[in-house]
2 protein chains.
Amino acid sequence: MGTFREIGIAAEASKLAAPVPARDAIAADLIAVLVAVTSGDPRVLTIQDQSALPSGPFELAHRSLQAGLRAWVERQTRLPLGYVEQLYTFADRDRGSAGQHVISISYLGLTREQLASGEHEASWRSWYSYFPWEDHRAGTPPMIEAALLPRLEAWANAPQNPGLRQDRGQRVAITFGGGGRAWDEELVLQRYELLYEAGLIPEAARASPPGTLRPGVAATPLPGAGQPMILDHRRILATGIARLRAKIKYRPVVFELMPETFTLLQLQRCVEALAGRLVHKQNFRRLIEQQDLVEETGETTPDTGGRPAKLFRFRREVLTQRAIAGTKLPVSRA
Amino acid sequence: MGTFREIGIAAEASKLAAPVPARDAIAADLIAVLVAVTSGDPRVLTIQDQSALPSGPFELAHRSLQAGLRAWVERQTRLPLGYVEQLYTFADRDRGSAGQHVISISYLGLTREQLASGEHEASWRSWYSYFPWEDHRAGTPPMIEAALLPRLEAWANAPQNPGLRQDRGQRVAITFGGGGRAWDEELVLQRYELLYEAGLIPEAARASPPGTLRPGVAATPLPGAGQPMILDHRRILATGIARLRAKIKYRPVVFELMPETFTLLQLQRCVEALAGRLVHKQNFRRLIEQQDLVEETGETTPDTGGRPAKLFRFRREVLTQRAIAGTKLPVSRA
DNA sequence: CCTATAATGCTCTGTTGGAGTATAAGACAA
DNA sequence: TTGTCTTATACTCCAACAGAGCATTATAGG
């Protein structure tokens with residue numbers, strides 16, 4: 001079992017036996033959540049008939065994890081990877097075959113959608129097809145009230161233990177905004193995990209060995225619970241979305257998803273697509289401008305229907321000039 | 001080289017040849033940044049004469065990474081690990097021997113200091129002995145002006161390229177708060193990296209193969225640049241400190257470092273120790289109380305010198321009741 | 001010319017966070 | 001006993017900011 005290295009009381013057997021992999025051999029995978037926003041839709045790059053995130057082995061040739069991911073994504077998709085950030089690392093015995101440990105290191109990357117040659121089965125897909133309850137731009141999606149909440153409340157009220165009942169009820173209220181609470185768009189992962197625990201996510205059934213199935217789990221793979229993915233890819237995607245929704249509020253990363261020049265409304269729509277909720281237009285503009293995040297190009301667009309809008313360009317200088325910067329997107333409460 | 005799995009154009013040789021480790025074998029390490037606050041000092045658990053963070057191999061027996069870390073730390077130190085959070089995962093070819101990749105997964109853990117049997121060489125040490133420039137509780141440490149800034153400015157002004165010069169100058173100003181800028185206590189990692197690049201950190205010399213040494217690097221391992229650690233452990237520690245300093249502002253994690261009952265001043269001192277700067281007492285209390293993070297025990301302390309203080313207890317309920325909670329510690333600017 | 005759609009400018013207001021003042025309650029020394 | 005030191009605790013002030021709404025301007029299309 002584990003010992004502090006250097007304090008190690010006894011060298012493990014494997015240390016002495018195996019030749020080069022001095023310790024338990026482990027495989028490492030890189031998994032990418034690649035995001036682009038196209039025509040008001042936040043999309044992720046998927047493979048395998050849209051049921052998986054792109055992933056690949058981490059190899060000796062790679063200098064570092066991030067370099068490995070970058071090289072690999074850019075070769076495969078010809079996408080300019082603007083921003084890359086590590087998400088999370090996990091290891092489950094379930095994942096590898098034959099009890100071998102596979103460590104998965106997931107990354108979030110921002111680009112602009114672009115279909116390149118070489119992407120055989122890869123395709124972009126709206127992330128809301130995996131998490132339909134996350135899109136509140138047109139108000140709370142009716143499926144929450146109609147489909148999710150009844151099931152969640154049934155799950156919350158199921159246990160004998162009143163403490164557990166209260167706990168579950170609270171979690172439902174917090175994550176899905178029941179009882180007058182405001183919707184918090186950042187709780188993407190918590191919501192997914194709640195639905196998972198409540199058995200409304202088909203993936204939950206696959207994970208439990210047959211027979212161990214908790215009552216209620218995946219008896220009915222709830223219509224409207226979103227498209228499933230292989231393994232825990234949907235959880236990884238949820239992690240990525242949550243991270244991105246949090247990040248756009250204090251770091252100017254949205255611009256990695258925008259074309260060279262854009263109007264303020266386009267920028268706003270992009271933020272709204274990510275956040276899954278509308279923002280107050282005037283306040284949004286005030287915030288962007290007072291932070292000097294953009295500069296006018298001098299041109300205007302022929303436009304879409306109204307008064308022509310000025311075109312802007314991201315001031316890349318702010319990335320070096322400021323420590324915190326931040327597009328604190330003013331999300332409306334209405 | 002890497003391919004998207006499932007899109008893979010050709011199976012790699014290793015896939016066909018090797019038996020169980022289907023791909024390039026890799027070793028994984030867990031590295032722990034264990035923090036406690038004792039008598040106003042934020043301390044980390046170290047080994048090897050205080051030159052290394054405790055670490056150990058991740059093994060097949062472990063169910064998951066976090067479980068592995070928890071089990072392992074608790075067995076070794078008998079510490080109740082209140083809070084554990086993954087920090088970062090990295091892999092450098094330099095790290096392993098013989099070109100083997102070692103993946104290191106670092107964790108941050110909060111406890112209370114406690115020397116248990118079995119900790120042969122382990123000891124707690126103030127994190128400010130590794131980062132003396134980070135403690136601003138008694139005002140800006142004089143060594144910044146006296147030792148660091150001159151060297152940093154020399155480094156910033158060294159290049160021919162005026163753009164690069166300006167860039168470096170800006171980074172110095174942002175991270176070390178020159179030119180009227182406020183000190184941002186969260187930029188721990190950026191500061192360390194800057195010092196590293198500028199060659200003021202002994203570790204930088206070790207990393208470069210002999211001959212590749214950039215001019216100025218570690219020619220003199222600057223007195224006052226803090227105690228070095230092995231490999232990149234000091235960078236990991238910097239990551240942990242930065243994360244913790246950010247976290248205490250929006251999650252009630254400080255309480256994991258406190259005894260069962262405490263006075264508000266004790267709590268404040270703990271936050272100040274972590275943040276490395278003083279907070280406004282009255283505002284701090286207002287914030288803590290208005291958030292219902294604590295409840296009175298009814299008792300008071302015999303005290304340290306002044307009017308007796310009420311004792312408080314953390315209301316653990318808030319952890320389940322709230323999504324965001326947050327101890328937004330009001331840091332004074334003075 | 002009228003209407004629809006955006007862009008853009010400006011105001012109002014409630015909340016919050018930083019900072020300061022004032023008072024209370026003990027310990028301790030002269 | 002009294003004054004002083006130290007800390008706890010209660011309140012007040014003010015500026016900055018964020019949410020929300022109103023008003024005006026500029027186009028396209030009938």
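Proteins come first, then strands; the chains are lettered A, B, ... in the order of their sequence lines, and each starts at number 1.
- You'll find the side chain of A:Glu289 reaches within 4.5 Å of the side chain of A:Leu264, heavy atoms only.
- Inter-residue side-chain proximity for B:Phe176 and B:Leu195 is flagged as met; some heavy-atom pair is nearer than 4.5 Å.
- No donor-acceptor distance shorter than 3.5 angstrom exists from the side chain of B:Arg313 to the backbone of B:Glu260, with no hydrogens or angles considered.
- Note: CD (A:Gln290) to C1' (C:dG9) measures 15 Å, nearest angstrom.
- If you measure from atom CG of B:Leu264 to atom C1' of C:dA25, you get 16 Å, rounded to the nearest angstrom.
- In this entry the distance linking CZ of B:Phe262 with P of D:dT7 reads 19 Å, nearest Å.
- Rounded to an integer number of Å, the gap from B:Leu287 CG to C:dT15 C1' is 13 Å.
- In this structure, CZ of A:Phe284 is placed 12 Å from P of C:dA7, rounded to the nearest angstrom.
- Between B:Lys249 atom NZ and C:dG17 atom C1' the separation is 14 Å, expressed in whole Å.
- Side-chain atoms of A:His280 come within donor-acceptor range of the base of D:dG21, with a qualifying N/O pair under 3.5 Å.
- In this structure, A:Leu265 places its CG atom 14 Å from P of C:dT5, rounding to the nearest Å.
- Contact annotation: the side chain of A:Arg243 approaches that of A:Leu87 to within less than 4.5 Å [non-hydrogen atoms, C-beta and beyond].
- Distance, A:Lys310 NZ to C:dA6 C1': 14 Å, rounded to whole Å.
- B:Arg307 contributes a side-chain N or O that forms a donor-acceptor pair with the base of D:dA8 under 3.5 Å.
- For a distance-only test at 3.5 Å, the side chain of B:Gln282 fails to qualify as a donor-acceptor partner of the base of D:dT12.
- Comparing A:Pro308 and B:Arg286, the nucleotide of DNA chain D nearest to each residue sits closer to the 5' end for B:Arg286.
- The base of C:dG17 lies outside donor-acceptor range of the side chain of B:Asn283, with no N or O pair under 3.5 Å.
- Geometric assessment of B:Arg245 against the ring of B:Trp183 yields a negative cation-pi assignment under the 6.0 Å and 45° thresholds.
- Phosphate proximity of D:dA8 to B:Lys281: present, with a side-chain N or O under 4.0 Å from OP1 or OP2.
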